[in-house]
Amino acid sequence: MIKVTLKDGSVRQVPAGTTIREVASSISQGLARAAVAAKVNGRVEDLNTALQEDAQLEILTLDSEDGLAVMRHSTSHLLAQAVQNLFPGTILGIGPAIANGFYYDFDSEHTFTPEDLEKLEAEMKRLAKQDYKFERGEMAREQAIEYFQQRGEKYKVELINDLPEDAQISIYTQGNFTDLCAGPHVQSTKMLKAFKLQSVAGAYWRGSEKNKMLQRIYGLAFAKASDLQDYLYKLEEAKRRDHRKLGMELDLFSLHDEAPGFPFYHPKGMVLRNTLEEFWREEHQKRDYVEIRTPIILNRSLWEQSGHWDHYKDNMYFTKIDEQDFAVKPMNCPGGMLMYKTKIRSYRDLPIRCGELGLVHRHELSGALHGLLRVRSFTQDDAHIFMLPSQIIEEIIAIIDLIDYFYKVFGFEYHVELSTRPEDSMGSDEDWETATNALKEALATKGIEYKINPGDGAFYGPKIDFHVKDCLDRTWQCGTIQLDFQMPEKFDLTYIGEDGEKHRPVMIHRVVYGSLERFIALLIEHYAGAFPVWLSPIQVRVLPISDRHNEYAERVKAILKEENIRVELDQRREKINYKIREAQTEKIPFALVVGDKEMEAESVSVRRYGEQKTTIMDLKDFIFLIKTEIDTKSISSKTV
RNA sequence: GCCGAUGUGGCUCAGGGGUAGAGCAGCUCACUCGUAAUGAGCAGGUCGCCGGUUCGAAUCCGGCCAUCGGCUCCA
C-alpha cells in the first residue's frame, strides 16, 4: 500500500500501481468525470499514470489554469489530426497550449485559407465526437527517430535529436493520429468541446528567421461554450479600446501612408502629451534632475566611438552633410556623453542626473509597425545618471521607486524583467557580471519579483524592463533601467576623486514612460479614451440650452478659463440632447448644462462622463471640485 | 524583412468587365429646444499607386505602397 496525500491534506491508502483515475473515482464519480489530468508531486501527469509510491496528488479539472492548459494542448493535437485528415502530407511542427487556447505549426504546400479553418473546425468537431482515447506510448530513441522519419516528419526527428540522451521519449495517439509529445493529455477527444480556430499566420520554425516559415494556426479553447463566448465578446470590447481607433475618433493623432511609423500629433493629442511632459518635469525637478537637449543628427565618428556604428547600424538612418557621413540619433546617450565632457567633474558633483526628452529615430521592420505602440520616431523621456560606483544601488533603487510612483498615478499594473548580455555586445564579462549583479541586488532589496530574459540586454549593458499590458493583454516594454560601464570607457569619461586622481564614473540610462508615443497609446487603451480630468484634452464643455443662455455660458467659460481649466463652449443651435450626446461621445469628463435656472442662480448643471445623473451646483463649488480632481490626478472609475 | 489577409468619399461599409451607392460626419435652411441623435435640402470619390489583358477595368492579371493579424525585432 502507498499513501496518497490529497490537496485538502487528507491521506488515502491505495495499492501501489493504482491509477490516478482510480483514485479520482474513489473520491467521487463527479470528480472522475471532470478530471483532465493531475499534479503528482507538482508534476502534471495523465490520469492513466499508475502511482508506485507515496505522493502528493492534486486532481486537475478545467477549473484550474493547469487543467485548462492540458485541455488546450490536447485540442492542438485534435487540430493536427484534422489537418492531416483533410490535407494529407502536411508535416507537423509544434503545437503547444497558450493563453486562451493553442496553436499548431504546419509545413504544407497548401496555403491555409480562412475557409479551410472552417472546414478544419468542422472536422475537429467530428473527430472530438468519436471519443478517441489519448493513449500514451513510449519509444526508444532510435525507434522513435525511425518512426517519424518514415512518416516524413522531419521536424519531429529534429526535436528528438535535440532531446537529452536520457530523455524519456513518449508519443500520444488518438484514433489515426500519433504525435511526439511529452504530454499529458485529457482522457478522450470527447472532452474537447468549446474551441474555435482563430487565424493563420506565418511563424519561423523554432522562432528563428534563418529557418523556414511555417503556417501557424491559432485556436481558442475554453472549459465551456459560455467561456468561449465571453472571451469572444471581450475581444470585441478590446477592439473598442484600441488606441488606433480611439486616437482617430478622439482626434488625438494620425498616421499616414506618406510617413509610415512617423506619427502626427493633433491639437488634442498635443495637450495630452504636454500634460505628461509637464508632470514629468515637475517630478524630476523634485528629484534633483537637470534637463538638457542634444541634437538629432550627429556625425559618424561619434557613432563609431559609441559602438552604435558596429552594433546598431541596422536600426539607424543616415544622411550626408558636406560630403561627410552623419546619422540620425537612435538613442540619446552619445549626446549626453559629450555634454558630460564639457568640463572637469568632481566626485562632489556626482551623481549628475541629466534628463532629456529626446526625439529618436529607429528603423523598425515594416511588418513590426503598430499604431503608436511601435513607431519609427519617438520621444524617450530619457535620463543619464553619471555616478560613483558606490552610488549604483542607491540610484537604481531611486529609479525603481520613481517608475513605480509614476505607474501608480496612472493606475497601471506592470511586471518586471531583467535582460542579460546579448551575443552582439561590447565589454568584458566581468563588467557585465558586476552590472547584472547590481541590478539583481537592487531588485532583491526592493523585494520585486522578476523574470529573466537571457540575452535581451542592450549592447552596452544589462537592463531592468518594466512592462505594461495593452487592451489585448500583449505586454509592451515602457520603463527601463540600463547599467552601463561601456560608454564611460568609450568616451573616456572621468571625475576627480578625493585623492585628486582621475576616476571612471558609472552610468545609468533610464526612461520612465519609455516613449511618450507608447505610453500615450497604453493610456488611451487603459482608460478606453476616457481620460482622468487632469489628462483630458478638453476638461469641460459648457452647453447652453438656447440662444438666450449664450451670454451666461460665455461667462462660465471665461471664469473656468481664468482658472486654467480646458473648457469649450457648444453654442450650436442644437437640442440639448444632441449636445450632450456629443460631449459623451467625445468622452469629455464634465458637461455643464446652463439654462434659465442656472443663469439665475449663478450655477451649473453638472453631468459627468458616463453617468446619467446630474447635479446642480454653484459655479464656485464646481470649480473647487474639478480643481481638486486635477490637482490630485484623481482617476475616475468610469472608463466605459 | 517574412507568411497570410485587406485597400471604394472625412468615418463605417455595400457593389462589382459597360463609365460609382448607403448611413454617419460636413455645408445650407427651418425649429430656440432641460440631460445620449429635430427635419428637409446640398455638396463630396480619376474605387491605394503603376503597368498589363480587353472594344471597354474600380471590377481580371502582375508589380509596388500602406494597413491589419502573426513571426522576427524592440521604447
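Just so it is clear, the values below take in all heavy atoms, side chains as well, and ignore hydrogens, waters and symmetry mates. Numbers restart at 1 for each chain; the letters A, B, ... are given by sequence-line order, proteins then strands.
- Side chain of A/Tyr578, nearest nucleotide from B/rG26, B/rA36, B/rU72: B/rG26.
- Between A/Arg518 atom CZ and B/rC74 atom P the separation is 11 Å, expressed in whole Å.
- When each of B/rG70, B/rA75, B/rG34 is scored by its nearest atom to the side-chain atoms of A/Tyr218, the top-ranked nucleotide is B/rG70.
- Side chain of A/Lys196 to main chain of A/Leu228: no donor-acceptor pair is present (N/O by atom type, distance under 3.5 Å, no hydrogens or angles).
- Comparing A/Leu214 and A/Glu209 by the nucleotide of RNA chain B whose heavy atom lies nearest to each, the residue mapping closer to the 5' end is A/Leu214.
- Aromatic ring orientation, A/Tyr513 versus A/Phe406: perpendicular (interplanar angle above 60°, classes split at 30° and 60°).
- The listed nucleotides are B/rU32, B/rU35, B/rC73; the one nearest the side chain of A/Asp547 is B/rU32.
- Comment: A/Arg287 does not engage A/Asp401 in a salt bridge, judged by the lack of any side-chain N to carboxylate O separation of less than 4.0 angstrom.
- Following rounding to the nearest Å, A/Arg474 (CZ) and B/rA75 (P) show an atom-to-atom distance of 18 Å.
- Taking atom C1' in both B/rA58 and B/rC49, the straight-line distance is 13 Å, to the nearest Å.
- Taking the ring centroids of A/Phe412 and A/Phe519, they lie under the 6.0 Å cut-off.
- Ion pairing of A/Glu277 with A/Arg281 is present here, as a side-chain N (NZ or NE/NH1/NH2) and a carboxylate O approach within less than 4.0 Å.
- Summarising the local packing, NZ of A/Lys268 is surrounded by more than 12 heavy atoms from other residues, nucleotides or ligands at distances under 6.0 Å.
- Distances shown here put every side-chain N or O of A/His363 at or beyond 4.0 Å from the OP1 or OP2 atom of B/rC73.
- Judged by centroid separation below 5.5 Å and plane tilt below 30°, A/Phe378 stacks onto the base of B/rA75.
- Across B/rU35, B/rC33, B/rU72, the shortest atom-to-atom separation from the side chain of A/Lys575 is found for B/rC33.
- A/Trp303 and A/Leu298 make their closest contact through NE1-O, 3.2 Å (heavy atoms, listed as atom of the first residue, atom of the second, distance).
- With B/rC33, B/rU72, B/rC74 as the candidates, the nucleotide lying closest to the side chain of A/Arg374 is B/rC74.
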RNA chain B in dot-bracket, Watson-Crick or G-U pairs under 3.5 Å, [ ] crossing, | other strand?
(((((((..((((....[..)))).(((((.......))))).....(((((..]....))))))))))))....

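- Atom name C1', nucleotides B/rC73 and B/rG17: the rounded distance is 44 Å, in whole Å.
- For the OP1/OP2 pair of B/rU72 and a distance below 4.0 Å, the side-chain nitrogens and oxygens of A/Arg216 include no atom meeting the criterion.
- For B/rA25 and B/rG9, the C1' atoms lie 11 Å apart once the distance is rounded to whole Å.
- Between A/Asn315 atom CG and B/rG1 atom P there is a gap of 13 Å when expressed in whole angstrom units.
- A/Glu364 has no carboxylate O lying under 4.0 Å from a charged side-chain N of A/Arg376, or vice versa, which leaves the two without a salt bridge.
- Position along RNA chain B of the nearest nucleotide to A/Ser605 versus A/Met213 favours A/Met213 as the more 5'-ward residue.
- In terms of polar N and O atoms assigned as donor or acceptor, the side chain of A/Tyr204 comes within less than 3.5 Å of the base of B/rG1 in a complementary pairing.
- When the C1' atom is used for both B/rG10 and B/rG44, the distance is 10 Å, rounded to whole Å.
- Side-chain to base pairing of A/Arg607 with B/rA36: one donor and one acceptor N or O lie within less than 3.5 Å of each other.
- Considering only the side chain of A/Ala201, B/rG69 comes nearest among B/rG69, B/rC33, B/rA36.
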